[in-house]
Amino acid sequence: MIVVAVIGLLAAIAIPNFIRARGASQMNACINNLRQIDGAVQQWALENNADTSSTVTTADITAYLGRDSSGSVASVFCPADPTKTFANSYLIVDVSTRPVCQILGGNISGTSHFIN
């Protein structure tokens, strides 16, 4: 019984820490995706002489994300997004507006995430 109690105590300590670590890693992955998207938008704007009010679409920046050979953004999504799609994960508007994560209102585990 003592062994079972010790295992239960260790599990009670470890599980919340695991959940926090998973949330932090999801947030970091999302922030890195936002940085890559912002870089792709800025590179597209530079190469196409677009001004800051120019609207940007996913099709415009796909080539600048440098993902896979098919030219798809299928691998760019917020890890907390259950649909695993770019359109549901991120919002891009124009060159001057930074991309935003749409999952949980830009919130993962109560911590807002955005690029600085």
Side-chain angles (χ1 to χ4, degrees):
M1 286 189 29
I2 293 173
V3 172
V4 172
V6 168
I7 292 173
L9 179 66
L10 291 174
I13 294 169
I15 291 172
N17 289 332
F18 173 73
I19 292 170
R20 264 193 302 274
R22 188 180 76 180
S25 67
Q26 286 179 339
M27 182 178 64
N28 289 335
C30 188
I31 289 170
N32 285 330
N33 283 345
L34 288 169
R35 283 188 185 124
Q36 287 183 333
I37 294 166
D38 189 46
V41 168
Q42 298 307 317
Q43 187 174 357
W44 172 83
L46 182 65
E47 290 185 8
N48 292 288
N49 295 323
D51 61 358
T52 57
S53 63
S54 298
T55 58
V56 182
T57 65
T58 305
D60 292 334
I61 65 168
T62 299
Y64 300 98
L65 287 173
R67 289 296 170 163
D68 54 18
S69 59
S70 67
S72 168
V73 293
S75 62
V76 183
F77 55 84
C78 179
D81 181 5
T83 64
K84 308 283 188 230
T85 60
F86 182 91
N88 288 340
S89 293
Y90 302 113
L91 175 66
I92 52 174
V93 181
D94 58 27
V95 175
S96 64
T97 306
R98 291 179 186 244
V100 176
C101 178
Q102 302 182 101
I103 305 304
L104 302 175
N107 222 339
I108 291 181
S109 302
T111 306
S112 178
H113 59 283
F114 52 89
I115 56 174
N116 293 327

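With 3.5 Å as the limit, one finds no donor-acceptor pair spanning the side chains of Tyr64 and Gln42.
Distance check: Asp38 CG to Asn33 CG gives 12.5 Å after rounding to the nearest 0.5 Å. From Gln36, atom CD reaches atom CD1 of Ile61 across 10.5 Å, with rounding to the nearest 0.5 Å.
For Asn88, the side-chain hydrogen bond (donor to acceptor under 3.5 Å, both in side chains) partners are Thr83, Thr85, not counting sequence neighbours. When the side-chain hydrogen bond (donor to acceptor under 3.5 Å, both in side chains) test is applied to Ser53, the partners found at least two apart in sequence or on another chain are Asp51. Listed by chain and number, the residues in a side-chain hydrogen bond (donor to acceptor under 3.5 Å, both in side chains) with Ser25 amount to none (sequence neighbours excluded). With sequence neighbours left out, Asp94 forms a side-chain hydrogen bond (donor to acceptor under 3.5 Å, both in side chains) with Ser96, Thr97.
Side-chain atoms of Lys84 come within 3.5 Å of backbone N or O of Pro79 as a donor-acceptor pair. Between the Asp60 side chain and the Thr57 main chain, a donor and an acceptor come within less than 3.5 Å of each other. When atom types are taken as modelled, the side chain of Gln102 and the backbone of Ala87 share a donor-acceptor pair closer than 3.5 angstrom. In this structure, Ser54 contributes its side chain and Ala50 its backbone to no donor-acceptor pair below 3.5 Å. No donor-acceptor distance shorter than 3.5 angstrom exists from the side chain of Asp81 to the backbone of Phe77, with no hydrogens or angles considered.
Between Pro99 and Ile92, the shortest heavy-atom contact is CB-CG2, 3.8 Å. In terms of heavy atoms, Tyr90 sits closest to Leu34 at CD2-CD2, 3.5 Å. Nearest approach of Ile103 to Cys78, heavy atoms of both residues: CG1-CB, 3.8 Å.
Connectivity analysis of hydrophobic side chains (ILVMFWY, heavy atoms under 4.5 Å, direct or indirect) links Leu46 to nothing; its cluster partners are none.
Within the 4.5 Å cutoff, the side chain of Thr55 has no heavy atoms near those of the Val93 side chain.
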Please report, to 0.1 Å, the donor-acceptor pairs under 3.5 Å made by any side chain of residues 4-23, with sequence neighbours excluded.
unit_1 : atom_1 : unit_2 : atom_2 : d
Asn17  : OD1    : Arg20  : NH2    : 2.4
Asn17  : ND2    : Ile13  : O      : 3.2

